[in-house]
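For reference, the structure is listed below as structure tokens.
Note that the structure is a prediction, hence the values are computed from the model and not measured.
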Protein chains: 2
Amino acid sequence: MSPGPVLPPGLSAARFGRALAAFEAIVGAPNVCREGAALAPYFDPFAPVADARAFAPAAALLPANVDEIRAILRVANAARVPLWTVSTGRNFAYGGAAPRLAGSVVLDLQRLNRILDVDERLAWALVEPGVSYFDLHAHLRERGLKLWVDPPAAGWGSVIGNTLERGFGYTAYGDHAATQCGMEVVLANGDVVRTGMGALDAGTYAGTAWPLYKPGYGPSFDTLFMQSNYGIVTKMGLWLMPAPAAYRIGEIQFAREDDLGAIVDTLRALQLRGTITQHAVVEGAIRRAASIAPRARWYAGEGPMPEEAIAALQRDLGIGRWNLHYALYGEPEVIDVQQRIVERAFAAVAGARMLSARYAGNEEPQGGGDRNMAGIPTMSAFRMLDWRGGEGAHVDFSPLCPADGRDAMRQYTLVKTRAAEYGFDYYGGFTAAGRHLHHVFAAIFARADATQATRAGDLLRALMSDARAAGYGVYRSHLLYMDYAAAQYNFNDGALLRLAQTVKDALDPQGVLSPGKQGVWPERWRGERGYT
Amino acid sequence: MSPGPVLPPGLSAARFGRALAAFEAIVGAPNVCREGAALAPYFDPFAPVADARAFAPAAALLPANVDEIRAILRVANAARVPLWTVSTGRNFAYGGAAPRLAGSVVLDLQRLNRILDVDERLAWALVEPGVSYFDLHAHLRERGLKLWVDPPAAGWGSVIGNTLERGFGYTAYGDHAATQCGMEVVLANGDVVRTGMGALDAGTYAGTAWPLYKPGYGPSFDTLFMQSNYGIVTKMGLWLMPAPAAYRIGEIQFAREDDLGAIVDTLRALQLRGTITQHAVVEGAIRRAASIAPRARWYAGEGPMPEEAIAALQRDLGIGRWNLHYALYGEPEVIDVQQRIVERAFAAVAGARMLSARYAGNEEPQGGGDRNMAGIPTMSAFRMLDWRGGEGAHVDFSPLCPADGRDAMRQYTLVKTRAAEYGFDYYGGFTAAGRHLHHVFAAIFARADATQATRAGDLLRALMSDARAAGYGVYRSHLLYMDYAAAQYNFNDGALLRLAQTVKDALDPQGVLSPGKQGVWPERWRGERGYT
């Protein structure tokens with residue numbers, strides 16, 4: 001059960017009631033969620049805190065189009081109602097659809113769900129925020145277009161939402177922010193901006209360079225609207241991967257914990273030289289196992305799984321202590337040569353066990369992870385929640401890691417040690433993207449257990465502090481630690497945050513858009529209530 | 001001879017004299033250029049206007065470091081002296097080092113010329129604005145590092161300057177803005193910001209993810225400082241290409257003018273499928289010829305070169321009407337297979353003549369263009385100036401083009417026709433980068449001929465207008481048409497420019513940084529003096 005709604009800070013029930021009535025006049029009563037089951041999806045389902053009201057919404061609105069969004073902004077600016085924008089699908093690891101500032105009104109864009117255009121020759125799509133990876137994939141299939149999406153871990157996610165949060169996937173188009181091209185953004189004052197070549201206003205989407213060339217002319221603004229509260233993105237172009245003639249999916253299992261360094265160094269060289277072009281994944285034994293069987297099969301005790309249990313799990317399932325998943329895409333004769341290069345490179349790691357299979361471009365593999373690498377969205381990521389049994393929840397710690405074996409070993413050891421201290425398994429892995437790795441560790445706990453939840457939250461904070469001391473920072477964070485994460489990026493006494501605040505105040509003087517997102521507070525909230 | 005300096009608008013000679021004295025106290029007398037030969041390099045050498053004073057500087061300053069830049073900003077803000085920032089090398093096609101606003105003081109960063117760090121394993125460098133491609137290339141050679149730079153057409157260019165203006169090169173790292181990672185920026189108020197992971201302040205450059213992961217945490221600002229006047233970039237990270245085991249350089253000559261469509265469509269498919277990963281170039285016959293012999297060998301008359309002369313030139317030099325230059329990088333066995341794929345694809349274009357040569361990774365080819373594709377900076381681009389004889393000059397028209405054969409033919413026809421009307425040859429080509437092409441046309445004229453210069457300027461404006469009517473926009477422009485180009489990006493009554501102005505006013509309230517750059521004027525200049 002979610003707790004009840006919370007009023008926007010500083011607003012009386014009467015004033016908020018009038019604002020809500022104005023909102024309702026814009027979007028219609030069925031598109032205003034005031035309480036109970038209607039409002040429940042806008043609470044943090046996995047909140048790693050004792051009091052879930054910390055991130056409780058006041059209400060949620062579901063506008064149908066850009067005009068309704070502009071009308072909502074007029075009301076919000078006049079009444080000073082903070083809005084928290086979400087799209088569709090949710091990443092429960094970082095707070096779901098719940099707002100950073102309790103009492104915000106969630107602006108849910110899931111009804112803006114048109115796929116506006118897809119171009120097969122130039123390989124792009126233009127979508128609205130309510131379009132999920134499932135939707136886009138189904139659309140491509142229905143029309144028989146030879147294009148792939150790059151799905152994130154959970155295919156229900158919004159293409160725009162995932163991209164703006166800098167999510168990533170598994171194919172050669174795995175860096176979602178990098179494959180974004182062109183945006184339409186509604187600013188806090190209601191102005192509708194098209195970025196880059198979209199400002200040419202050619203009347204149509206196709207035939208322009210909007211989704212083809214990112215920067216346009218003059219300064220480029222798109223990345224300003226990622227992980228930010230500077231505007232509401234209502235359209236976005238993205239590049240799609242032409243379906244390859246063939247592809248090969250490979251898994252390499254490594255026996256020892258300290259193989260990680262050699263894996264990362266070998267993989268980096270293969271990626272920087274262009275042999276492996278996709279986001280390859282190095283999964284720890286426990287994360288690999290969780291997609292097959294529950295933890296209790298090997299260990300039912302409290303505290304982190306002992307080494308012997310991990311060794312047993314490796315043997316039983318025939319998996320490695322580390323498991324590398326990679327894919328090669330292209331002409332069959334090219335990927336066959338590339339496969340030999342990959343095998344040659346990893347043969348240097350003693351005991352590496354190599355498996356791979358080649359598919360025609362239109363064939364589908366069966367495993368969830370493999371399907372992701374073949375551009376097919378799945379929900380397999382959610383199986384991790386069964387690991388500890390019960391109604392599982394997780395919060396994630398995701399430090400950026402240089403793609404250097406020494407850094408990877410250092411981060412792994414740091415996380416494993418501290419997690420064990422708090423009673424959690426090292427449930428993690430690394431996604432490799434050339435010069436950097438996304439290291440993602442999930443603290444998995446039983447949703448109903450408030451003590452475990454709080455301990456997971458405490459662990460996250462300890463890990464962020466440890467990482468900072470070692471020179472590492474996170475690329476994303478749960479609502480609870482957005483300020484803490486931002487404060488770590490403190491060169492020159494916080495110059496980057498000062499810049500972010502200056503831009504915020506210029507673009508959103510009333511501070512109505514997603515206050516506190518990624519630690520950026522508008523002027524009216526800074527200094528008071530403990531916000532930085 | 002350059003004309004004399006011009007005072008900053010609105011400043012008396014006495015007030016400007018006091019500001020200049022204050023600047024001199026900061027940088028020292030030898031680093032202030034007041035007039036004559038010292039100031040000459042800061043005028044536009046190829047100005048396509050009758051009156052070169054239109055873009056005349058008031059003076060130029062050469063600070064030695066960030067502290068001096070901050071001190072200069074304090075004076076400039078107090079005295080309201082507009083500064084125009086340049087680095088080293090110049091692109092004469094767009095105005096060289098001359099300021100948009102006559103009477104600006106040029107801030108020349110060529111003395112900040114340290115290569116701060118280079119990492120061979122992770123393949124990046126961190127440089128200051130005064131570092132040229134020649135410098136960086138020589139540094140890598142001296143240290144024996146197996147890394148390549150991606151040179152632009154003229155190797156004297158600043159790595160930072162070229163990247164910020166969104167220049168491009170010839171290798172797999174040809175999109176310079178895309179290979180930028182991490183910046184240090186001095187804002188107008190003197191605040192020093194490090195973007196992305198650089199804000200972690202780890203004390204050193206190496207060992208952090210600053211040059212490894214672009215976005216950092218929260219909104220990302222780097223692209224805000226490209227083609228812009230929001231700050232002064234004093235350090236920049238860039239990714240370098242690991243020297244390949246081998247490479248192959250190919251040229252394909254096509255016989256007919258209307259082969260262009262098929263060339264572009266075939267090339268796009270090869271790039272989107274990852275066979276050709278570099279910025280391939282499709283050169284028109286005249287541009288190809290200009291690197292070999294002067295125009296007078298085939299045609300000495302006025303007006304554009306007739307078709308028969310172009311045909312004669314093709315025969316004499318053994319070149320195509322269109323000439324595709326491409327390169328393949330990687331393991332020898334991979335690029336051999338890729339070469340066969342390329343040949344198979346272009347065999348569909350009747351009469352295509354294919355030449356190619358394979359080199360070991362440490363071998364050097366001889367031709368200027370080929371050397372660029374092998375990561376070796378040259379100044380061969382300047383040979384184009386001999387085309388018309390005398391002291392040649394050029395101004396460039398550079399519309400973005402969708403990578404679609406129909407669009408390329410349409411732009412080519414449009415430019416060729418209008419250029420002929422103004423008496424200019426179609427001296428141009430296309431650089432192909434997957435989904436888009438950079439179409440670059442140069443109007444070449446005798447520097448001493450004011451009538452020809454003015455006609456070149458008029459042609460540029462006519463071409464921009466033609467392109468806009470057809471739905472195309474330029475990615476860059478000469479000082480003369482910065483406002484005109486910006487005004488073409490006019491969706492929703494100029495919403496993008498309004499956004500750019502809002503950010504400008506927030507970051508630079510006194511309007512001291514590069515007023516008018518890319519059409520963005522600070523509040524104090526908007527509305528008056530005809531600026532938009």
Side-chain angles (χ1 to χ4, degrees), chain A residues 121-123 166 177 191-194 197-202 207-209 212-213 215-221 223-224 226-228 230 242 272-274 330-331 333-334 337 341 400 402 404 435-436 471 473-475 485-486 489-492 495-496 498-500 502-503 506-507 518-520, chain B residues 121-123 166 177 191-194 197-202 207-209 212-213 215-221 223-224 226-228 230 242 272-274 330-331 333-334 337 341 400 402-403 435-436 471 473-475 485-486 489-492 495-496 498-500 502-503 506-507 518-520:
Chain A
R121 285 160 64 88
L122 288 153
R166 304 205 186 94
D191 214 2
V192 180
V193 178
R194 288 191 181 167
M197 307 303 282
L200 278 180
D201 191 19
T208 76
L212 304 178
Y213 178 67
Y217 173 83
S220 165
F221 297 93
T223 64
L224 219 56
M226 295 183 175
Q227 286 195 357
S228 95
Y230 293 153
L272 291 189
R273 289 177 178 281
E331 309 293 331
E333 61 267 46
V334 175
V337 178
I341 294 171
L400 232 286
D404 185 306
R435 288 170 181 79
H436 71 263
V474 296
Y475 94 101
Y489 290 81
N490 61 348
F491 172 78
N492 189 17
L496 185 61
R498 278 197 299 281
L499 169 59
T502 303
V503 173
L507 295 181
Q518 252 71 24
V520 180
Chain B
R121 287 160 63 87
L122 289 153
R166 305 205 185 95
D191 215 1
V192 180
V193 179
R194 289 192 179 166
M197 308 303 281
L200 278 180
D201 191 18
T208 75
L212 304 178
Y213 178 66
Y217 173 83
S220 166
F221 297 93
T223 64
L224 218 56
M226 293 184 176
Q227 286 196 356
S228 96
Y230 294 153
L272 291 189
R273 289 177 178 281
E331 309 293 332
E333 62 266 47
V334 174
V337 178
I341 294 171
L400 233 286
R435 288 171 180 78
H436 71 264
V474 295
Y475 93 102
Y489 289 82
N490 61 348
F491 172 77
N492 189 17
L496 186 61
R498 276 197 300 281
L499 169 59
T502 303
V503 173
L507 296 181
Q518 252 73 25
V520 179

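Interface check for chain A: of the options B:R121, B:M226, B:Q227, the most heavy-atom pairs under 4.5 Å are formed by B:R121. Note: B:A486 leads B:A177, B:G330, B:A486 in heavy-atom pairs under 4.5 Å with chain A. Your options are A:N490, A:L499, A:V474, A:I341, and the one with the most heavy-atom pairs under 4.5 Å with chain B is A:L499. For the set B:R166, B:R498, B:E333, B:R273, the entry with the most heavy-atom pairs within less than 4.5 Å of chain A is B:R166. Among A:P215, A:A500, A:G216, A:S228, the residue with the largest count of heavy-atom pairs under 4.5 Å with chain B is A:P215.
Of the atoms belonging to B:V334, heavy atoms from both backbone and side chain fall under 4.5 Å from chain A. If you measure heavy-atom distances from B:E331 to chain A, the contacts under 4.5 Å come from the side chain alone.
For B:A403, the side-chain contact (heavy atoms from CB on, under 4.5 Å) partners two or more places apart in sequence, or in a different chain, are A:L122, B:R268, B:L437. For B:A123, the side-chain contact (heavy atoms from CB on, under 4.5 Å) partners two or more places apart in sequence, or in a different chain, are A:L272, A:R435, B:L147, B:P242.
By the 30° and 60° cut-offs, the orientation of the rings of B:Y213 relative to A:Y475 is perpendicular.
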- Query: Where do B:V503 and A:F221 land on the side chain to side chain contact (heavy atoms under 4.5 Å, CB included) test, with the steps shown first?
  - Reply: CA-CA 10 Å; B:V503 173; A:F221 297 93; 4.1 Å; yes

- Task: Report the C-alpha distance between A:L400 and B:M197 in whole Å, list the side-chain angles of each, state the deciding distance to 0.1 Å, and finish with yes or no for side chain to side chain contact (heavy atoms under 4.5 Å, CB included).
- Result: CA-CA 9 Å; A:L400 232 286; B:M197 308 303 281; 3.5 Å; yes

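In this structure, A:T223 contributes its side chain and B:S220 its backbone to a donor-acceptor pair below 3.5 Å.
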